[in-house]
Each structure stands twice: as structure tokens, then as C-alpha cells.
Amino acid sequence: MMHTSRIRPKPPNRAGHSNHAFRRSGYPSGGPVTISNGPRPDRDGPKRVTWPTVSEIAWGLASDKIAILLAVALVTMTVLSAGPLHPVDNFINTLPRPFWDEIRVFLILWPDTVASRFVALPVLTVVALHLAYHHRSWRPIILGAGGVFGMICLVASMKLLLARSHPRTYDPSFFSEGGVSFPSGHGANAIMIYGLVLFLIVRYRAARPHIVHRLAYCIVMIAVLQSVVSAYLHFHWFTDLVTGMIAGGFALRLTIRLDRMIPEGRTTNWWPFRRQDDEVAAAAE
């Protein structure tokens, strides 16, 4: 008969610690247990989000390899557009325009407006608002507004600084009076705004991969169609359109890079319906 003193008592079931928690340490039941004294989300509050400093953000944007390549391409195209590529611009600008009277009005009212801000911005607004409401986050709205604002500032400053004459003057020189042709705002819109729509869809996994690929092809088609139509209608020089698309890609890349550097979680409680969702979740528990 076994003596009762050889029977070891079971460890007490402490609050918040089940019996299997004592066995994970490798000791038998009732052995020594090491309890961490680190911060606990339920006692010390939510994990603190640390924002990068201004210098860290500036260095992160300046050190991005793709952004550097696009900046070099933008500067190179600007220098080439100032003189070396004038023969190409003049050649494309003086090509014959067949069916001018028949299709000119149609091209102005329909294909040329696809890459305008009056069409592209509503598309971006709908996508950003839908993703913001679905994910209870202000980030899609902030990315959309900030990216478009940065692109507009870049293109507008180049237009005012370089002041290129209109193609109908048949003079592609810079620094002309009243010229705002270079670079093309429509070309920048096609890449930046529609590219930002695609980025938000990919970032929040709002579409399947094959749909994403088709949307990417649509963006390329929109950019090519808009360039051909603008050159046909004498709205822009050829180099205006190429440089505008590069400027839009540069602004898009900076927006994506900035999104990767800024942590999430700081604007969650700003959402107007967040409190209602928390109350519903608490009632369900």
C-alpha cells in the first residue's frame, strides 16, 4: 500500500494560468515555472507605434533605387526635350492627320478625357472610400489625396518653370511667353492616378491576381491611347507625353515608398464608425 506522503499535490489553478502552462517548461506538474516580466497588451495597453523622424523619411525617399532611376530619367528627358529631340517633336507634329474633320470632335470628347482628372479622380475617390470604409482606416484616403497633390505640384512647377510653347505654334522651344505644354498633365494622370488605384487594390487585396494583371494592361492601354490622341490633336509634343508619364511614375513611386515607411495604427480610432464597431463586438462577447 502506497504511503499518502508520496502523493504530490496538484498545483493550484491560478488565475490566467492553466495546468498545461506549467508543463510547457519541461518540468513535471508542480515544478519551477519562469514567468516573463515584460509588457503585456492586456495590462500595459496596446503596443506603441513609433513614427520615423523627418530625416529618416527624407533619407528613405532619397535612397529608393527606383525613385532615383525615375528622377534621372525625368531630368534626362527634360534636357533632351530642350533641344536634341526637337527634330522628333517637329516630325510627329507635322505628320498628316487623316480624317481630321470626321473624328476630331469625338477624340476630344471621349478618348482624350479618359486620362483627365475629371475622370481619373472620381475613380480614385470611389476606390479609396470603399477601401477606407471596408478596412476602417483613413490610409487609402490619405494616400490618394497626398499622392495626387504631390503629382500636381511637380507637374505644375515644371510647366511654369520651363514654359514650353504649344504644338500649334510649331516651335518646341522652352521659356516662351504663356507656354505650359511641358510636361503633359494627362500623361502624368494616366500613370499616377490609375497606378495609385491599382496599388490600393493590390495593397488591400481587393481583387484576384488575374484581375490585377488585366487592370495593369488597361492602365498601359490608357496611357498609350491618350498619348496618341494628344499628339494627333496637337495638344502636346511627343516629349511632353513621355516626360509626363515619367513624372507620374516618379510621384507614384514616392507615394508607395512613403506608405511603406509610415506605420499603421495611429489613425484607427479616428474612424467615425470605430466606436460603434467596438460596442457591437463587446456586446457579442
Side-chain angles (χ1 to χ4, degrees), residues 58 61-62 64-97 100 104 107-108 111-121 146-196 219-220 222-255 257:
L61 295 177
D64 187 80
K65 295 181 180 180
I66 298 179
I68 293 174
L69 292 176
L70 291 172
V72 172
L74 182 61
V75 174
T76 302
M77 278 302 304
T78 302
V79 174
L80 294 177
S81 301
L85 292 181
H86 281 183
V88 177
D89 285 328
N90 287 324
F91 173 76
I92 296 178
N93 196 49
T94 55
L95 286 175
R97 266 63 174 173
W100 175 265
R104 177 175 176 271
L107 294 178
I108 294 174
D112 188 62
T113 59
V114 174
S116 66
R117 285 192 287 270
F118 295 103
V119 176
L121 282 182
V148 173
F149 179 76
M151 182 267 296
I152 293 176
C153 291
L154 174 63
V155 173
S157 61
M158 294 181 66
K159 283 179 176 290
L160 296 177
L161 179 63
L162 300 175
R164 193 179 201 181
S165 57
H166 198 274
R168 292 180 183 176
T169 63
Y170 295 93
D171 180 16
S173 61
F174 285 3
F175 309 110
S176 61
E177 184 178 357
V180 290
S181 178
F182 183 90
S184 171
H186 281 55
N189 294 337
I191 301 299
M192 170 61 197
I193 299 180
Y194 288 117
L196 189 56
I219 294 175
V220 174
I222 289 174
V224 173
L225 176 63
Q226 191 276 325
S227 300
V228 172
V229 171
S230 292
Y232 178 89
L233 295 173
H234 293 287
F235 286 170
H236 281 287
W237 302 96
F238 170 75
T239 52
D240 295 349
L241 300 164
V242 176
T243 309
M245 288 187 284
I246 295 175
F250 177 67
L252 176 62
R253 180 60 189 180
L254 291 182
T255 304
R257 178 66 174 175

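Just so you know, these numbers use all the heavy atoms, side chains as well, and skip hydrogens, waters and symmetry mates.
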Distance from [X] atom [atom1] to [Y] atom [atom2], nearest 0.5 Å?
X      : Y      : atom1 : atom2 : answer
Asp64  : Leu69  : CG    : CG    : 9.0 Å
Leu160 : Leu162 : CG    : CG    : 9.5 Å
Ser81  : Arg164 : OG    : CZ    : 5.0 Å
Ile108 : Ser230 : CD1   : OG    : 10.5 Å
Thr76  : Leu70  : OG1   : CG    : 11.0 Å

Residues in ring pair (Phe, Tyr, Trp, His ring centres under 6.0 Å) with Phe235, at least two apart?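 Counting only residues at least two positions away or on another chain, Phe235 forms no ring pair (Phe, Tyr, Trp, His ring centres under 6.0 Å).
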For Phe174, which residues count as a ring pair (Phe, Tyr, Trp, His ring centres under 6.0 Å) partner, sequence neighbours excluded?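 Phe174 satisfies ring pair (Phe, Tyr, Trp, His ring centres under 6.0 Å) with Phe182 only.
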With no hydrogens and no angle check, is any side-chain donor or acceptor of His166 less than 3.5 Å from a backbone partner on Gly179?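 The answer is no, because no donor-acceptor pair under 3.5 Å joins these two groups.
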Given side chains that start at C-beta, do those of [X] and [Y] come closer than 4.5 Å, heavy atoms only?
X      : Y      : answer
Asn93  : Phe238 : no
His234 : Arg97  : yes
Thr239 : Val88  : no
Thr243 : Ser184 : no
Arg257 : Ile66  : no
Asp112 : Leu107 : no
Val114 : Tyr194 : yes
Thr113 : Phe118 : no

Using a distance-only test with no angle check, is there a side-chain donor-acceptor pair under 3.5 angstrom linking Asp171 and Thr169?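 There is no such pair between these side chains.
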Let me check something: any side-chain donor-acceptor pairs from residues 148-159 under 3.5 Å, sequence neighbours excluded? List them with distances.
{"residue": "Ser157", "atom": "OG", "partner": "Cys153", "partner atom": "O", "Å": "2.9"}
{"residue": "Ser157", "atom": "OG", "partner": "Leu154", "partner atom": "O", "Å": "2.8"}
{"residue": "Lys159", "atom": "NZ", "partner": "Val180", "partner atom": "O", "Å": "2.8"}
{"residue": "Lys159", "atom": "NZ", "partner": "Pro183", "partner atom": "O", "Å": "2.8"}

Arg168 to Leu233 - nearest heavy-atom pair and separation: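 Looks like NH2-O, 3.9 Å.
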Nearest heavy atoms of Ala115 and Gln226, plus distance in Å: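 In terms of heavy atoms, the two residues are closest at CB-CG, 3.5 Å.
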